[in-house]
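All remarks here apply to the structure that follows.
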Amino acid sequence: MKSGNLGYPRIGQDRKWKKALEAYWSGRLEEEELHAELRAIRLRGLQTQKEKGIDVIPVSDFTYYDHVLDTAVMFGLIPERFGYAGGEPDLSVYFAMARGTREATACEMTKWFNTNYHYIVPELEDTEPKLTKNKPLNAYLEAKAELGIEGRPVLVGPYTFLKLSKGYAAEQLGSWIDRLLPLYGQVLRELEAAGAEWVQIDEPSLSTTLEAEELKHVSHIYDRLRTEAPGIKLMLQTYFEAVDHYESVTALPVHGIGLDFVHDGGRNLQAIRDYGFPVDKLLGAGLIDGRGIWRADLESKLGTLIALTGLVAADRIIVQPSCSLLHVPVSAEQEAALEPTLREALAFADEKLEELALLAKAGRSGQDAIRSELEAASRSRIALQRSPSRNSKRVNEQTAGLASQSASRSASFAERREAQRIRWNLPLLPTTTIGSFPQTPEIRSARRKWRKGEWSGAQYEAFIQAEIKIWIGLQSELGLDVFVHGEFERNDMVEFFGEKLAGFAFTANGWVQSYGSRCVKPPIIYGDVELTEPMTVAETVFAQSLTDAPVKGMLTGPVTILNWSFVRDDKPREEVAYQIALALREEVEALEAAGIGMIQVDEPALREGLPLKREYWPAYLDWAVRAFRLSTATVKPETQIHTHMCYSEFHDIIEAISALDADVISIETSRSHGELIESFEEQTYEKGIGLGVYDIHSPRVPGPEEMTVMIDRALRVLSPDQFWINPDCGLKTRKAEETIAALRNMVQATKQAREKYAFEATAD
Ligand code: GLN
Ligand code: ZN
């Protein structure tokens, strides 16, 4: 029995990778230096895996930006606008696709399955694919020559690659498969010629819901790869969920199948029990959680491994993580500042490698071979489990029974609308913003000074108040209708709340790649979540004291806080969401009691929590909606609840959005070219809604005419009585001048629209 890995974090210790890339982009690092730095990080990662005793080490999982982009570039799938002239694409083309240039907009970026990692979407145009370089081969040769490592090259599989690409119609999938397979064949044959025995071929798309028609394509791909490169062994790797159509996938002509035994709801093991596992294949047993940060319960993992050895010959099993370790931070060694019980219970990538080696050892030599490590793992888990932070009597009493409660407002939407209309008497097409105003370098530096103790709390507070005052003044000058305080005191929309709630911890160096060089440091929810002090009341009330216009309170919602954190694994996510919801409810009630009459609860991450398989959507949406409602339902009818989501693909979850029962929702639309608006032609939506009238992701200031087009388009399907006018998302990344100019245009467009639509509004 061997241990194996599927992918190692690229970012290196202390985000060295990010720093090197950004230095290169800004011209502070020469190309040669960049190659040298990244090579050192890459080799360091390989060396660590070797030192930790991993038998099967992946190569070519490393990247200069993103592994899907690597695959597209390797196959010469470079859109024309990047001016690629053939040959081996140089770094400037590669980074232009990722980041855009003045002449060519970057390729689209989107979420990698249900993770927080973003990949670059390949565009298939009519360019004929061709092999521009063999990246896995280079990586394979390098590991062998430099470190004596016989690595296992990783490739994104053809099915997943095409499923993630755009620029072709569904019926062209077959012809694209036929164009790409000879290239995959060539990559594999060259690897074989260089001495590679195995290749890991990643097909996470096989863990989504597959139609019978799609399964035919998958069979065709693997039949054909077998003839293209008969001599090389393929480890077909699935992850993030149970494999769909277990029997057909395990019957494909490959030499090994990798399955996720962590995020599969127990179904992969059950499928092996029900249908058996092919005797001629290796099983990649994804036992260690590649996405969570908790030390494994080795005893229970060993139990699963023993169960597997009753079904599959032990020497045909590779013990591996459930997916690439790309989704967890590099090493927990630097987290000495954390409370020891928590620190002891953590396992990042390097610690997971140790767990893999231990499990494989136990699989070979029996449980006694790792007795002391088993005991240590269980001790650390028990210690955390027993810690007071996980046993808040108050929280547990409050959350008991919540799963069956619906949490409704005390009045219907129609009644609330009337009460709110009387309370504010807002004009037709009210204008507002999404919450944040520019986070300038001065604001960030003020926060640093305060954190370091150079500034007192009072000094920092006075600084924040001064910012709020400036922007309340600006909003009033601009003529907006509903104000915000501007979120100047917030570093990040989740971290800010996590720092104030009990049950959260923050690592020193727990970075994971989000997209390109951008890394995030998700909070850790390790204990019961409780509100210990009001989080937003002071700033909101201060802002409200400066104006007669309504100031919207601004909170991050329970589902978003959950989805953007590392979450404890001893409780269902649903229950943790309810705990956060109840803490937020106290904050909502405190805002209301302090006279704040509009409260926005942002849920930008609600959609990304959707399970990969559609059959699990209803259960997720049910508890996610309940969590949102728990946090917002207790307010009076005249208190207006807003929410915000920054994506537009919500066609298929519109019922859930409506079930949130928010009085007003704002949604991004300006980049989606009205796709969302079409869904309102098919489904009616009666509550208040603002579809972003301009894109905040670009420094460009759109003119009022452009915004008028957006408004007119929306008002073809929505009523002027329900429509709000706002930008797509928060303005924290924009400069003050851009923000003011764009909002001025927005107000101007609104004034014209009011004249145009006044009659229509009063007429119905
Ligand atoms: N209120 C937040 C802001 O304006 C919303 C951010 C988001 O949707 N991601 O910054
Ligand atoms: Zn947003």
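Numbering starts at 1 and runs along the sequence shown. Ligands are counted one by one from 1 in listed order, and the atoms in each one are counted from 1 as well.
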Enumerate, one pair per line, all nitrogen or oxygen atoms of ligand 1 lying under 3.5 Å from a protein nitrogen or oxygen, stating the separation to 0.1 Å; write 'none' if no such pair exists.
residue	atom	partner	partner atom	Å
ligand 1	1 (N)	Ile434	O	3.1
ligand 1	1 (N)	Glu487	OE2	2.8
ligand 1	1 (N)	Asp602	OD2	2.6
ligand 1	4 (O)	Ile434	O	3.4
ligand 1	4 (O)	Ser436	N	2.9
ligand 1	4 (O)	Ser436	OG	3.1
ligand 1	8 (O)	His644	NE2	3.0
ligand 1	10 (O)	Ser436	OG	2.7
ligand 1	10 (O)	Lys732	NZ	3.2

*According to the interplanar angle, ranging from 0 to 90°, do the rings of Phe240 and Phe113 count as parallel (below 30°), tilted (30 to 60°) or perpendicular (above 60°)?*
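Correct class here is tilted.
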
*Quick one: sort the Trp724 and His642 rings into parallel, tilted or perpendicular, breaks at 30° and 60°.*
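Perpendicular, since the angle between the ring planes exceeds 60°.
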
*Pair Arg451-Tyr460, side-chain donor/acceptor within less than 3.5 Å*: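 Absent: no donor and acceptor within the cut-off.
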
_Side-chain H-bond candidate by donor/acceptor type, Asn563 with Arg573, under 3.5 Å_ =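 Yes, Arg573 and Asn563 have a side-chain donor paired with an acceptor closer than 3.5 Å.
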
*Quick one: angle His644 NE2 - the Zn ion (ligand 2) - Cys729 SG, to the nearest 10°?*
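Output for this angle: 120°, rounded to tens.
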
_For Ala466, side-chain contact (heavy atoms from CB on, under 4.5 Å) partners two or more places apart_ =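 Ala466 satisfies side-chain contact (heavy atoms from CB on, under 4.5 Å) with no residue once adjacent residues are dropped.
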
*Are Arg447 and Trp450 in a cation-pi contact, defined as NZ or CZ under 6.0 Å from the six-membered ring centre and within 45° of the axis?*
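No, cation not above the ring by the 6.0 Å, 45° rule.
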
